[in-house]
Structure formats: structure tokens, C-alpha cells
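Everything below concerns the one structure shown next.
Positions are given from 1, in the same order as the sequence printed here. Remember, predicted model here, so these are calculated numbers, not experimental data.
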Amino acid sequence: ALVDEFAEVLRTGAPLLIDAQRVALGASRDAGFLTVRAVKAGDRLSLTWRDVTPLVGAMDRVRESEQRLRSVLDTMFDPHFTLVPVRDGSSNVVDFEFSGANNAACRAAGLADGELTGRTVLSMFPAHSRAGEAQVALFALALQRGETLVLDDHRVAAWGVEQRFYDLRVVPLGNTLNVSIRDVTE
């Protein structure tokens, strides 16, 4: 199969790139991963390869870590979500999009698990709501300053629920915000 792909490179001149192909490596024939590039050079084939086994292993560990984190977040009783800024043509933050949310956040918003992702903060507030604009302004300030925002007994009129109070923790991480909320209404 690989020989046929090399022959196709010689026939057509189109380069070949194979990412992280599982192969037997070395005298021990241990399984590993190679990235292979083949290009036509005159009437010959030029091959380069790189052992990417450590990279593949690192990527697997990252995936496992992300799965563990997702499991932890989805078993939390409190809502937690990640926001990314939505900017206008002048790079001003005008809204935030939910790029991830645990099941508790979805349920608090009255949505099925996974349905909060892709929505915006303003879309979760009544149309033209000052409360929604105030939330966006607070989140934008936390993002701009790069500092954790701690709000206790903060009234949030989102999700069609009035007279609820929450403790919020808004933690900037790069160009995102991680938000945890606890309902403290008594």
C-alpha cells in the first residue's frame, strides 16, 4: 500500500504527507509512530521521516487529562462554563459565547446537556436587557485586566429567573473566561 502511494508521487508529482503512521520501529520491532513526507525530485523520490512516538504519547495524555477534567466538571453540582469573547469590527468585546458548559450549567439555563455551548451571554438574557449588557461588561473587564473577578451575592436575571443571587468566580485564561456559579439565594 505504501509502495503504491510512493509510486503515485513519482507518477503525478503530488507530494505525500502521512501523519503519525503506526509502524514497527528498530531492531526490537516495538510499535511507534512516524510522520512521513515523500516528494518527487527529478525522476527520483525524496523521503523524510520523523519518529513522533513521544508526541503521540503526549497527545494521548492530554486527551486523557481533558476527559478526566470533563468528567469532574460534569459531576459538579454547581454550574461551570467557559466563555470566549465576541468582538466587533473595532475589537471591542460586545458579547461572550459559551464554548463549553458542564451539565449543571445547562440545567440551570433550562437546557439539555450540551445545549448551552454555542449560545451567547446576551442571548440568554431577555432582549435588550440591561442585565445582559452588565454581565458582558463585567466579564469583559475581567478579561481585559487578566485578573480573577469575585462577585458574591450577585443578582443575575438570566434564564428567565428573577430574584436569584449567585456567587461568581470569573477566571481569565488566555482569551477565555472560566466561570463558576453558586446559587446563594436564601
Side-chain angles (χ1 to χ4, degrees), residues 19-20 33 35 50 52-186:
D19 278 327
F33 293 88
T35 296
R50 182 173 144 211
V52 293
T53 304
L55 177 62
V56 170
M59 290 169 54
D60 287 345
R61 289 188 296 280
V62 167
R63 271 191 292 278
E64 290 169 7
S65 178
E66 288 173 344
Q67 289 171 344
R68 279 192 304 276
L69 177 59
R70 168 83 354 224
S71 175
V72 167
L73 291 176
D74 281 342
T75 59
M76 288 175 53
F77 294 112
D78 292 329
H80 177 90
F81 48 87
T82 302
L83 299 172
V84 294
V86 175
R87 299 180 184 275
D88 64 14
S90 300
S91 295
N92 298 314
V93 175
V94 295
D95 202 348
F96 283 89
E97 180 180 313
F98 292 88
S99 66
N102 71 357
N103 295 337
C106 294
R107 285 190 295 273
L111 301 170
D113 293 349
E115 288 187 355
L116 192 53
T117 300
R119 296 179 187 243
T120 64
V121 170
L122 289 179
S123 73
M124 298 307 296
F125 286 83
H128 308 295
S129 166
R130 287 191 177 137
E133 293 169 0
Q135 288 301 123
V136 168
L138 283 172
F139 293 155
L141 183 62
L143 185 66
Q144 177 187 8
R145 289 185 176 170
E147 298 174 0
T148 298
L149 176 65
V150 175
L151 297 171
D152 290 327
D153 294 321
H154 182 68
R155 183 170 179 258
V156 179
W159 309 317
V161 178
E162 295 294 330
Q163 302 300 323
R164 304 302 297 182
F165 293 85
Y166 299 89
D167 287 349
L168 280 84
R169 301 300 181 263
V170 182
V171 181
L173 181 61
N175 194 41
T176 64
L177 294 175
N178 286 295
V179 182
S180 292
I181 298 176
R182 175 163 290 164
D183 188 340
V184 294
T185 306
E186 295 189 22

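Within 6.0 Å of CZ in R107 there are more than 12 heavy atoms belonging to other residues, nucleotides or ligands. Atom CZ of R87 has more than 12 heavy atoms from other residues, nucleotides or ligands within 6.0 Å.
Taking CD of E186 as the reference point, atom CG of D153 lies at 8.0 Å (rounded to 0.5 Å). In this structure, CZ on R63 lies 8.5 Å from CD on Q67, to the nearest 0.5 angstrom. Taken from OG1 in T82 to CZ in F96, the straight-line distance is 12.0 Å, to the nearest 0.5 Å. In this structure, the separation between CG on L111 and OG1 on T117 is 10.0 Å, given to the nearest 0.5 Å. In this structure, OG in S123 is found 7.0 Å from CZ in F98, a value given to the nearest 0.5 Å. Note that the CG atom of N103 and the CD atom of E115 stand 11.5 Å from one another [nearest 0.5 Å].
N102 contributes a side-chain N or O that, together with a main-chain N or O of H80, makes up a donor-acceptor pair within less than 3.5 Å. T185 places a side-chain N or O within 3.5 Å of a backbone atom of F165 that can act as its donor or acceptor partner.
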Exercise. Under the side-chain contact (heavy atoms from CB on, under 4.5 Å) criterion, do H154 and D167 qualify, and how do the steps go?
Worked result: CA-CA 6 Å; H154 182 68; D167 287 349; over 6 Å; no

Problem set entry | Test log, rule side-chain contact (heavy atoms from CB on, under 4.5 Å), inputs V94 and V136 | CA-CA 7 Å; V94 295; V136 168; over 6 Å; no

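Side-chain atoms of M124 and L116, non-hydrogen and from C-beta on, do get closer than 4.5 Å to each other. Side-chain contact between L151 and Y166 is absent, with no heavy atoms from C-beta onward closer than 4.5 Å. In this structure, the side chains of L138 and V170 stay at 4.5 Å or more apart for every pair of heavy atoms. In this structure the side chain of Q135 reaches within 4.5 angstrom of the side chain of L168, judged on heavy atoms. Contact annotation: the side chain of L83 approaches that of V179 to within less than 4.5 Å [non-hydrogen atoms, C-beta and beyond].
Considering all non-hydrogen atoms of both residues, T35 and A20 come closest at OG1-N, 3.6 Å. Between L177 and P172 the shortest heavy-atom distance is CD2-CA, 3.7 Å.
Salt bridge D78/R182: present, at least one basic N to carboxylate O contact under 4.0 Å.
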